[in-house]
Amino acid sequence: MPLLPGAQPFRHDGGEIGVLVCHGFTGSPQSVRPWAEHLAGQGLTVSLPLLPGHGTRWQELAITSREDWYAELDRELRGLAERCRQVFVCGLSMGGALALRLAARHGARVSGVALVNPAHKMHDRAAPALPLLRHLVPSVKGIVSDIAKPGTPESGYDRVPLNGAYQLRRLLQEVDAELPRVTQPLLLMHSAQDHVVPPVDSARILSRISSADVTELVLERSYHVATLDHDAELIFAETHAFISRLTRGIDQDSGDVVPGTETRLGKGVAASGGA
């Protein structure tokens, strides 16, 4: 099956710090590839897989499940953990929900989580009817390319299969129940104006997790796909700074502790506003 432009997975072998990057529902690696490439350029080992059912045609998504999506990321995370001393997970939209599930289930194997406009709940009034509707209506209009920056399209599906939407709703319900098990440091970046995932989703996630080290960053100039939008460079820089803070003292090429840098990071909560 031919892939959509930019939908190819991305992998980069760098140092002993690994990063798993997760794209969103009906999207593809194209939407977060610049994020992954920036982190790879900083010497990190990066994996950006293509989720099953994505990056080809919407009919393929209609026959995959939330278990398929998670299993792909779970395999990638385990592979990174075998090669790297520390592993971080990053995600956009549904990719953010999947990143939180990885953190909840893998515990200390995940050193930190960075999210952009993570999804928490389906707000459409028809969502409760999806168990029935998915058998009656094959698909509805797509949700890609919510981007403020002109001339910057997202490569994804122009239709949403309702069976896929049903799987997404079930996933978000399950992840909500697992959020109290998320204890890792968290960087949560969300847009002030988002036409796909409202800011209330980020607020709900912050109220449910158990992390003590939390940084919230509001993206003032971007819509949902902020990794391709005006605030993209800010997202990339803040993610690298977040990872660097949590790995300070570790040589990213050798994995060894640098003499004189054996300091213990304290826990706290920070909030900042983006420009």
Side-chain angles (χ1 to χ4, degrees), residues 1-9 20-32 48-77 89 91-102 104-105 115-147 153-179 194-198 200-201 204-205 223-225 227:
M1 184 71 63
L3 294 180
L4 294 175
Q8 298 83 0
L20 175 60
V21 182
C22 316
H23 70 77
F25 181 66
T26 75
S28 76
Q30 179 262 354
S31 63
V32 289
L48 167 54
L50 172 63
L51 297 181
H54 291 77
T56 55
R57 57 185 191 135
W58 67 263
Q59 290 88 346
E60 295 298 311
L61 182 56
I63 56 174
T64 61
S65 71
R66 61 196 185 280
E67 288 87 0
D68 297 325
W69 309 332
Y70 178 78
E72 180 69 21
L73 295 174
D74 184 79
R75 284 191 294 269
E76 292 291 329
L77 177 64
V89 292
L92 166 69
S93 194
M94 180 188 76
L98 289 165
L100 288 165
R101 166 161 279 188
L102 288 167
R105 294 187 174 185
L115 309 175
V116 174
N117 293 321
H120 173 265
K121 180 182 179 181
M122 292 189 69
H123 297 272
D124 192 295
R125 287 180 295 179
L130 281 172
L132 174 62
L133 284 176
R134 64 188 175 126
H135 298 296
L136 303 175
V137 181
S139 69
V140 295
K141 184 179 178 181
I143 55 174
V144 296
S145 293
D146 186 34
I147 301 171
E154 178 187 10
S155 179
Y157 297 150
D158 59 0
R159 305 292 298 178
V160 175
L162 288 199
N163 187 58
Y166 166 76
Q167 293 294 328
L168 173 61
R169 183 170 187 259
R170 290 291 307 276
L171 170 69
L172 298 179
Q173 291 172 331
E174 293 165 359
V175 171
D176 178 66
E178 296 175 335
L179 287 178
D194 186 329
H195 304 98
V196 179
V197 174
V200 67
D201 280 31
R204 173 67 173 175
I205 288 169
Y223 294 160
H224 182 62
V225 192
T227 47

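Computed from heavy atoms alone, side chains included, the values below leave out hydrogens, waters and symmetry copies. For this chain, numbers begin at 1 and follow the sequence in order.
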Q | Contacts of type salt bridge (Lys or Arg N to Asp or Glu O under 4.0 Å), residue D176, not counting sequence neighbours | A |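 Only R204, R208 meet the salt bridge (Lys or Arg N to Asp or Glu O under 4.0 Å) criterion with D176.
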Q: Go through the structure and list residues passing salt bridge (Lys or Arg N to Asp or Glu O under 4.0 Å) with R66, not counting sequence neighbours.
A: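 Testing R66 for salt bridge (Lys or Arg N to Asp or Glu O under 4.0 Å), a comparison that skips the adjacent residues, returns E174.
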Would you say that [X] contacts [Y] through its side chain, given a criterion of any heavy-atom pair below 4.5 Å between the two side chains?
X    : Y    : value
V197 : H224 : yes
L100 : L98  : no
L171 : M94  : yes
Y70  : L102 : yes
Q173 : M122 : no
L3   : L50  : yes
L20  : P49  : yes

Q | Residue pair Q30 / S28, side-chain donor-acceptor N/O under 3.5 Å | A |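 Short answer, no.
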Q) Strictly by modelled atom types, are T26 and W58 linked by a side-chain donor-acceptor pair under 3.5 Å? A)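 Result is no, nothing qualifies.
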Ignoring hydrogens and angles, tell me if any N or O in the side chain of [X] forms a donor-acceptor pair with the backbone of [Y] under 3.5 Å.
X    : Y   : answer
Y157 : R57 : yes
S155 : P5  : yes
H23  : S31 : no

Q: Applying side chain to side chain contact (heavy atoms under 4.5 Å, CB included) between V137 and each of L162, L130, L132, report the one that passes.
A: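 For V137, the side chain to side chain contact (heavy atoms under 4.5 Å, CB included) test succeeds with only one of L162, L130, L132, which is L162.
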Q. Do the ring planes of F25 and H54 sit parallel (below 30°), tilted (30 to 60°) or perpendicular (above 60°)?
A.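 Taking H54 first and then F25, their aromatic rings stand perpendicular (interplane angle over 60°).
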